[in-house]
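Here's the structure we're looking at; comments come further down.
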Amino acid sequence: MTEKDTAAIRDEDTAGTAGTVGPEGAAGTEGEAGAAGSRRRRRGIAWALTAATLTGALLGAGAVGWRTGTLPFQDDRPCWGALSDETLDTVLAHGDRPRPEGRREVEEQKLLGPGWSARCRVLVHSGEEHRQDKVVARLDVSVRTLDSRQGRDAQAWTAEFLSPEATPLGGGLRGTASRSRAWLALPQGCVDGQDPVVVEARIGAQDAGVFVPPSRRYGLTRAVVETANGLMGAYGCAGRHRVPEPPPALKESEEREREKKRDRAAATALCGLAGAPVPDKHVRALRAAARNWVDGGPVRVCGVDRPEADLHVRLMTVTDPALARIFERDASHGGPHVDGDPGHGTLTADRAVYTSRCQTGDVAFVVEWTPRYGFERYGSDWTFVRDVFPLYVAAEADRLGCGPQKVTVPRT
């Protein structure tokens with residue numbers, strides 16, 4: 001890797017942001033970190049740990065350095081000793097080849113402890129002799145604390161990871177996975193503070209308009225679960241998550257029936273919520289949104305956000321109390337206030353946020369509508385948020401068993 005490549009990566013990172021088993025299921029234990037530098041290893045496919053032009057480079061606040069080949073666990077596996085070959089083969093598969101070809105480079109930042117951010121990346125280079133410098137696949141894994149004090153993650157992070165294309169990880173795991181993004185929150189008892197600490201996994205572009213093999217979703221799920229297990233071992237926390245089994249493939253007839261069921265629900269109710277009719281003047285946007293929703297996990301998302309769509313619509317309910325807290329600042333200072341009983345919130349032309357308490361703790365309700373070409377092209381649709389928001393909050397609160405929740409928006 002050239003000094004120019006190293007500088008580019010350093011600049012990028014400075015600017016960027018199912019049940020459990022006992023301790024004997026630990027993915028690895030913390031061991032003595034080796035000296036900085038690089039070391040080579042072979043395991044089936046060639047692994048190439050880059051010569052450490054990056055070793056010791058200091059990045060941002062906390063002076064956390066990239067290093068290659070110096071892993072903090074005794075188990076010499078990528079990303080803090082956490083990721084298995086099976087997981088990497090699944091998530092990094094290129095094209096129709098079941099097993100990735102070419103050398104892999106692993107770069108990671110040192111773990112400093114719970115609450116500290118750290119990143120790891122795995123690059124796969126082309127196996128063709130004349131294209132060995134070309135990166136054909138890249139997996140980025142990170143651990144970070146989501147911010148509830150300044151609310152910085154209430155929009156950018158949720159837009160990336162709380163996608164209507166994602167599905168819950170299942171088994172009581174606090175996370176979701178799409179075909180290009182996955183996240184999993186570490187147990188609150190394992191980390192300091194009230195803000196959620198999450199493991200993130202990214203590969204390639206986001207879902208919109210980009211074909212990604214469906215197997216990637218399962219691979220990303222494995223990646224965040226294995227990484228979370230490794231981190232819990234490093235932090236000295238008891239218990240481990242079970243690595244999930246591949247989901248059963250739906251038959252074509254089952255897939256068609258599921259789509260028909262969603263179409264029927266979209267035509268008659270607000271995002272499939274019984275008793276919440278679709279407002280007539282917003283039928284087009286809501287029916288498009290209702291065909292995509294995530295349910296059954298820490299967040300329920302109904303929405304549409306594709307390049308061929310002319311607007312972005314998202315209706316979201318966050319039922320995980322720790323995750324809901326990242327919306328508190330927006331609910332208090334995100335715009336003009338709306339009257340809530342018993343909760344509180346704010347509303348603008350393109351976004352409304354409302355927080356309240358249910359039996360399970362804090363809950364956040366969010367409605368977003370962002371036209372791609374400006375509000376003036378959409379006539380009466382510019383009132384989408386103020387029209388839909390009170391209906392959505394009331395319907396979702398009833399579904400969760402913490403209704404009635406009454407939201408009164410100010411008159412224009």
Side-chain angles (χ1 to χ4, degrees), residues 115 145-155 157-159 161-162 164 166 168-169 172-176 183-198 269-276 293-303 314-348 351-368 385-410:
T145 301
L146 298 182
D147 170 48
S148 66
R149 294 168 180 81
Q150 300 299 320
R152 287 186 291 258
D153 294 311
Q155 296 191 45
W157 186 85
T158 59
F161 285 94
L162 302 187
L169 300 184
L173 297 174
R174 300 162 56 213
T176 63
W183 67 277
L184 173 61
L186 296 180
Q188 286 300 111
C190 184
V191 296
D192 298 328
Q194 293 185 329
D195 290 349
V197 177
V198 296
L270 177 61
C271 284
L273 295 171
W293 75 62
V294 182
D295 203 353
V299 59
R300 185 183 198 270
V301 185
C302 166
R314 185 165 59 161
L315 296 85
M316 178 168 59
T317 304
V318 180
T319 55
D320 181 86
L323 189 61
R325 277 194 288 272
I326 72 173
F327 297 93
E328 181 55 41
R329 182 175 177 84
D330 282 359
S332 300
H333 306 289
H337 287 264
V338 297
D339 293 331
D341 183 14
H344 65 281
T346 59
L347 177 146
T348 64
R351 191 168 188 261
V353 181
Y354 180 88
T355 59
S356 189
R357 287 191 66 83
C358 285
Q359 293 90 331
T360 56
D362 295 334
V363 177
F365 306 88
V366 182
V367 173
E368 297 175 345
V385 172
R386 62 181 297 112
D387 292 341
V388 171
F389 187 49
L391 298 174
Y392 180 73
V393 172
E396 276 288 75
D398 287 344
R399 180 183 69 88
L400 296 173
C402 56
Q405 296 276 344
K406 184 179 180 180
V407 176
T408 304
V409 300

What's the shortest heavy-atom distance between [X] and [Y], and which atoms?
X: Pro168; Y: Gly297; value: CG-N, 3.7 Å
X: Phe365; Y: Ala397; value: CE2-N, 4.2 Å
X: Val409; Y: Leu347; value: CG1-CD1, 3.7 Å
X: Cys302; Y: Pro164; value: C-CB, 4.5 Å
X: Leu315; Y: Cys271; value: CD1-SG, 4.0 Å
X: Val407; Y: Pro390; value: O-CB, 3.6 Å

[X] side-chain N/O to [Y] backbone N/O, donor-acceptor pair under 3.5 Å:
X: Thr355; Y: Val363; result: no
X: Gln359; Y: Gly401; result: yes
X: Arg325; Y: Gln194; result: yes
X: Arg152; Y: Trp157; result: no
X: Arg174; Y: Leu186; result: yes

Do [X] and [Y] have side chains that get closer than 4.5 Å, going by heavy atoms?
X: Pro196; Y: Thr145; answer: no
X: Pro336; Y: Thr348; answer: yes
X: Thr176; Y: Val301; answer: no

From [X] [atom1] over to [Y] [atom2], what is the distance, rounded to the nearest 0.5 angstrom?
X: Cys402; Y: Arg357; atom1: SG; atom2: CZ; result: 10.5 Å
X: Arg399; Y: Cys358; atom1: CZ; atom2: SG; result: 9.5 Å
X: Asp362; Y: Thr319; atom1: CG; atom2: OG1; result: 11.5 Å
X: His337; Y: Thr408; atom1: NE2; atom2: OG1; result: 15.0 Å
X: Ile326; Y: Asp320; atom1: CD1; atom2: CG; result: 10.0 Å
X: Leu146; Y: Asp153; atom1: CG; atom2: CG; result: 5.0 Å

Could you tell me whether Lys406 and Asp341 have a side-chain N and a carboxylate O separated by less than 4.0 Å?
no
Can a salt bridge be assigned to the pair Arg149 and Asp195 using a cut-off of 4.0 Å between side-chain N and carboxylate O?
yes
What orientation do Phe389 and Tyr354 show, parallel under 30°, tilted 30 to 60°, or perpendicular over 60°?
perpendicular
Is a donor from one side chain sitting under 3.5 angstrom from an acceptor on the other, for Glu328 and His333?
no
Check against side chain to side chain contact (heavy atoms under 4.5 Å, CB included), Thr158 and Arg314
CA-CA 11 Å; Thr158 59; Arg314 185 165 59 161; 3.4 Å; yes
Go through Asp330 and Val366 one step at a time and tell me if the side chain to side chain contact (heavy atoms under 4.5 Å, CB included) criterion holds.
CA-CA 10 Å; Asp330 282 359; Val366 182; over 6 Å; no
